[in-house]
Amino acid sequence: MKNDNAKQQYRINEQIRAREVRVVGDGIESAVMPLQKAISLARSMEQDLVEISPTAVPPVCRIIDYSKYLYQQKRKQKEMKARQVKISVKEIRFGPQTDEHDYDFKLKHAKEFLEAGNKVKAYVFFRGRSIIFKEQGEVLLLRFANDLEDVGKVEQMPSLLGKRMIMFLAPKKMPAAAKKTAVAADDAPVKKNQSTLKPEQKVRKEYTGPKVEGENFDD
């Protein structure tokens, strides 16, 4: 088969330079033979001779459908990306004496963030002498984590850092949108000829670590 891929990973067919090669493949008994004979054998099977171990003596070549192999490798990479979720960190800010109405408002938003697959950074900010209420701030954060236990899990327990007592929550489940993308990648058809392949569905960007997007709900 002709190869029009400029970014080829291996030498195939006439690109192989050795005079003789060791041929392997599915249903093929390993044998050393002249290069031209190996190429003819591959073509008789409507496949390619691919040099997979050029430093061996003689070089090892596998008989496969190279276009299909490249497509399958690309498909696997897309499936891996489809299973990865872009995670952001959303901030929820409390005062040490937050009232019930404000607490419920922030609890609602935190639940939405976690259900969307984001992490939540919840913290109590102590102004001036309000630091004396640090125990009260810790109780507030632990209550917050308990009220969100159905959708989130504590990733970092409350800890005091300067004038802030901080706690991190992570989502318990993968968001539905990411699951649909992963399923779509699994169901993508495999075609032998790359030129007739249907385009793969777009996948999410690869996860690069927590990204703070700075959504605060101030008192």
Side-chain angles (χ1 to χ4, degrees), residues 72-189 198-219:
Q72 289 175 338
Q73 292 298 106
K74 186 176 180 180
R75 181 170 177 261
K76 286 179 181 179
Q77 292 175 357
K78 288 188 176 183
E79 288 175 359
M80 290 177 64
K81 289 181 180 180
R83 288 180 172 84
Q84 293 175 326
V85 185
K86 182 181 179 181
I87 299 177
S88 299
V89 178
K90 305 291 187 178
E91 293 187 356
I92 301 288
R93 172 177 167 170
F94 293 99
Q97 295 178 314
T98 300
D99 61 39
E100 284 299 311
H101 179 270
D102 192 32
Y103 176 86
D104 290 340
F105 175 75
K106 293 174 181 180
L107 181 67
K108 176 184 176 182
H109 281 284
K111 185 176 181 180
E112 291 172 353
F113 293 151
L114 291 167
E115 288 176 340
N118 299 300
K119 291 187 178 183
V120 170
K121 175 185 178 182
Y123 67 93
V124 180
F125 182 73
F126 301 98
R127 292 190 180 93
R129 297 182 62 186
S130 67
I131 191 70
I132 62 175
F133 298 108
K134 62 180 181 180
E135 289 82 6
Q136 189 172 333
E138 182 177 9
V139 170
L140 175 65
L141 291 176
L142 291 175
R143 174 193 172 190
F144 193 61
N146 185 66
D147 289 343
L148 291 168
E149 63 179 355
D150 290 341
V151 292
K153 55 187 176 182
V154 177
E155 192 172 63
Q156 177 183 311
M157 293 295 288
S159 60
L160 189 63
L161 183 61
K163 293 184 178 182
R164 296 183 178 188
M165 180 164 287
I166 302 171
M167 177 182 69
F168 282 92
L169 297 167
K172 273 189 173 181
K173 300 178 181 178
M174 179 189 295
K179 287 183 178 180
K180 288 180 181 179
T181 306
V183 170
D186 287 334
D187 293 339
K198 295 182 179 179
E200 288 288 329
Q201 293 186 339
K202 293 183 179 180
V203 296
R204 297 178 179 270
K205 292 183 179 179
E206 187 172 358
Y207 168 63
T208 57
K211 175 182 177 184
V212 178
E213 295 190 358
E215 292 199 21
N216 297 333
F217 292 88
D218 298 333
D219 295 325

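Along the sequence shown, the residues carry numbers beginning at 1.
By the 4.5 Å heavy-atom criterion applied to side chains, Tyr123 and Met167 are not counted as neighbours. With a 4.5 Å cut-off on side-chain heavy atoms, Val89 and Asn118 do not count as touching. Residues Lys121 and Ile92 have side chains not in contact (no heavy-atom distance under 4.5 Å, counting atoms from C-beta outward). Here the side chains of Arg164 and Val124 are not in contact, with every heavy-atom distance at 4.5 Å or above. Residues Lys134 and Glu138 form no side-chain contact, since every pair of their non-hydrogen atoms from C-beta on lies 4.5 Å or further apart.
In this structure, Ala110 and Val120 approach most closely via the heavy-atom pair O-CG2, 4.0 Å. A pairwise comparison of heavy atoms in Leu107 and Phe144 identifies CA-CE1, 3.6 Å as the closest pair.
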Do any side-chain atoms of residues 151-158 form donor-acceptor pairs under 3.5 angstrom with protein atoms, and if so which ones, sequence neighbours left out?
unit_1: Glu155; atom_1: OE1; unit_2: Lys119; atom_2: NZ; d: 3.1
unit_1: Glu155; atom_1: OE2; unit_2: Lys119; atom_2: NZ; d: 3.0
unit_1: Gln156; atom_1: NE2; unit_2: Ser159; atom_2: OG; d: 3.2

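Every residue two or more places apart in sequence or in another chain that forms a side chain to side chain contact (heavy atoms under 4.5 Å, CB included) with Gln136 is listed here: Gln97, Phe133. Under the side chain to side chain contact (heavy atoms under 4.5 Å, CB included) criterion, Asp99 pairs with His101, Asp102, not counting sequence neighbours. Considering only residues two or more places apart in sequence or on other chains, Arg143 meets the salt bridge (charged side-chain N to carboxylate O under 4.0 Å, His left out) condition with Glu100, Asp147. Judged as a side chain to side chain contact (heavy atoms under 4.5 Å, CB included), and not counting sequence neighbours, the contacts of Lys163 are Phe125.
Under the 3.5 Å distance criterion, the side-chain polar atoms of Lys106 are matched with a main-chain donor or acceptor of Arg93.
The aromatic rings of His109 and Phe113 lie tilted to each other, with the angle between the two planes from 30° to 60°.
Within the model, atoms NZ of Lys90 and CG of Leu169 stand 15.0 Å from one another, a figure rounded to the nearest 0.5 Å.
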